[in-house]
Amino acid sequence: MVDLRELVEGRPSDKEDLAEFGVGDNVRLMLWITERTARGEETRRLQPFEGTVIKIKKGLTANFTVRRVQRGFGVERTIPLTSPRLESLSVTRRGKVRRAKLTYLRGRTGRAARVKEANRV
Amino acid sequence: MSVSMQAGMLGRKVGMLTRYDDAGRAYGATVIEFADNVITQVRTVDRDGYSAVQVGTIGDRKRTTRAQRGHLKASGQDQLSMTALTEFRTSETDGLDVGASLSVDRFESGMYVDVTARTKGRGFQGVVKRWDFAGGPKTHGQSDRWRAPGSIGAGTSPGRVFKGKKMPGHMGNRSRTILNQLVVEVDLARGLIFLAGNVPGPNGSLVEVRQARKKSVDPVKVVIVPVVSEEDTDVSETPIGEVGTVSISSDEAVAETNEQSSENESLDTQDEVPADDEGEQS
């Protein structure tokens, strides 16, 4: 039988993609969103989303979750690595963390919800 | 039934993948792989009272029995491993001769198929899992009643339990057919098709894929000329073959499916996205 991994589109491997960023890093995503104007026309534009990577799921359906606090509300977006909506991703700050999933950030606000900065590149 | 029936094929469920529609929404797609499909027997109306083709492919057992080998000899097949045989009813058996091979190009993206396969076996299961019973209360002085079936009928009258009463028993490992699965892609080089949605059974199991009996080509994926509007089409009166011409009519299977567009209302749902969108969690 064919190997399913060969059939996943738009992604060479976990290794190549996930080397770029890790849990705890601050990343800036450019995401394609579709809007409807007042006249009902659909338009596409790029919307930035910047926050902390709090989890990365690997495998065939690899995805990652980015969290930020926006106007007092915690906002998390989970994006499949293969998503065509994900235009670009850039790391704005490297975080130093000791666990794989930063779900503990959800219960914290302000200074308690910070991630230490790492010295790695 | 005026539907023209095409021979289906026997394939294997490879597994599922995430795919994206034009709007970037994620949906699950099942990959089905087809090995050699050979016609091993042809049933005709004259001889058998109905027309069908028997299709063989590599099955789950390692080798055929002597009896099976004798049967396969007619099709020129001496493959020891061709243990999976299935009959597909067809409207005519023209061009389908014993020994001929079926190719994945019978399928075309945009068409609908019905998929028959055995579900995963679940063994002996209670009523809660098997029939979605609610079970009993956990608290209020109850004990040992969490997953109990409750009453199974009235008393002296009728004095028996009705046939078909839902009870514990064996669950799964039975043939199920999923209707109207959309073919989203056909990979001729590798002998694969991609279906939107899921298919019964574990990965690696044998599945029968045939042209959908109740739904024709998908209007979103396949351009149909001319566009038939709802007003000037009486669904029941549509003459076969006059609904439109499929742009990719090189494929016999799709040309045939177009003839049976009994669901003309679907022609107008052009802006609907066919796939179940799970969407990205945002």
Side-chain angles (χ1 to χ4, degrees), chain A residues 1-11 13-14 17 29-36 40-51 53-68 70 73-89 103 106, chain B residues 10-36 57-60 81 84 104 109 117 183-196 198-199 201-207 270-273 275 277-282:
Chain A
M1 242 179 5
V2 220
D3 191 338
L4 266 186
R5 284 172 290 188
E6 292 170 18
L7 303 174
V8 178
E9 287 171 344
R11 201 164 65 95
S13 72
D14 277 353
D17 281 341
L29 311 175
M30 295 304 284
L31 297 168
W32 283 108
I33 60 164
T34 306
E35 292 176 318
R36 209 175 269 276
E41 298 157 346
E42 280 191 358
T43 54
R44 292 184 79 221
R45 70 175 175 91
L46 279 174
Q47 184 188 52
F49 187 81
E50 193 169 348
V53 179
I54 62 163
K55 60 175 79 164
I56 295 176
K57 181 191 167 196
K58 295 183 183 179
L60 278 182
T61 57
N63 60 40
F64 60 97
T65 302
V66 179
R67 175 182 172 85
R68 70 168 298 177
Q70 213 159 13
F73 291 94
V75 177
E76 289 178 14
R77 301 201 66 167
T78 301
I79 316 285
L81 270 183
T82 53
S83 175
R85 284 197 196 165
L86 178 63
E87 177 68 25
S88 65
L89 180 152
T103 48
R106 286 175 180 159
Chain B
L10 285 169
R12 285 197 181 274
K13 175 177 173 179
V14 178
M16 292 190 74
L17 291 173
T18 304
R19 310 254 309 185
Y20 303 89
D21 64 15
D22 296 339
R25 280 174 293 208
Y27 65 91
T30 308
V31 184
I32 294 173
E33 181 177 43
F34 295 94
D36 284 349
T57 193
I58 295 163
D60 291 326
S81 52
V104 188
S109 68
V183 179
V184 288
E185 191 188 321
V186 179
D187 186 337
L188 292 176
R190 284 187 282 205
L192 306 173
I193 63 171
F194 294 72
L195 302 178
N198 49 355
V199 159
N203 293 347
S205 62
L206 212 55
V207 293
Q270 306 241 351
D271 50 356
E272 259 183 37
V273 179
D277 48 301
E278 288 157 19
E280 293 169 12
Q281 299 163 22
S282 42

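Predicted model only: the values in this text are computed from it and were never measured. Proteins come first, then strands; the chains are lettered A, B, ... in the order of their sequence lines, and each starts at number 1.
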Compare every heavy atom of [Y] with every heavy atom of [X], then report the nearest pair and how far apart it is.
X: Gly24(B); Y: Pro84(A); result: CA-CG, 3.8 Å
X: Tyr20(B); Y: Pro80(A); result: OH-CB, 3.0 Å
X: Glu33(B); Y: Val2(A); result: OE2-CG2, 3.0 Å

- Can you name the side chain to side chain contact (heavy atoms under 4.5 Å, CB included) partners of Ser88(A), sequence neighbours left out? Met30(A)
- Task: Name the region of Val31(B), side chain, backbone, both or neither, that has any atom closer than 4.5 Å to a heavy atom of chain A.
- Result: side chain
- Considering residues at least two apart in sequence or located in another chain, which fulfil the side-chain hydrogen bond (donor to acceptor under 3.5 Å, both in side chains) criterion with Thr65(A)? Thr78(A)
- Check step by step if side-chain contact (heavy atoms from CB on, under 4.5 Å) holds for Arg190(B) and Leu7(A). CA-CA 11 Å; Arg190(B) 284 187 282 205; Leu7(A) 303 174; 3.5 Å; yes
- In this structure, CG of Leu60(A) is separated from OG1 of Thr18(B) (nearest 0.5 Å) by 8.0 Å
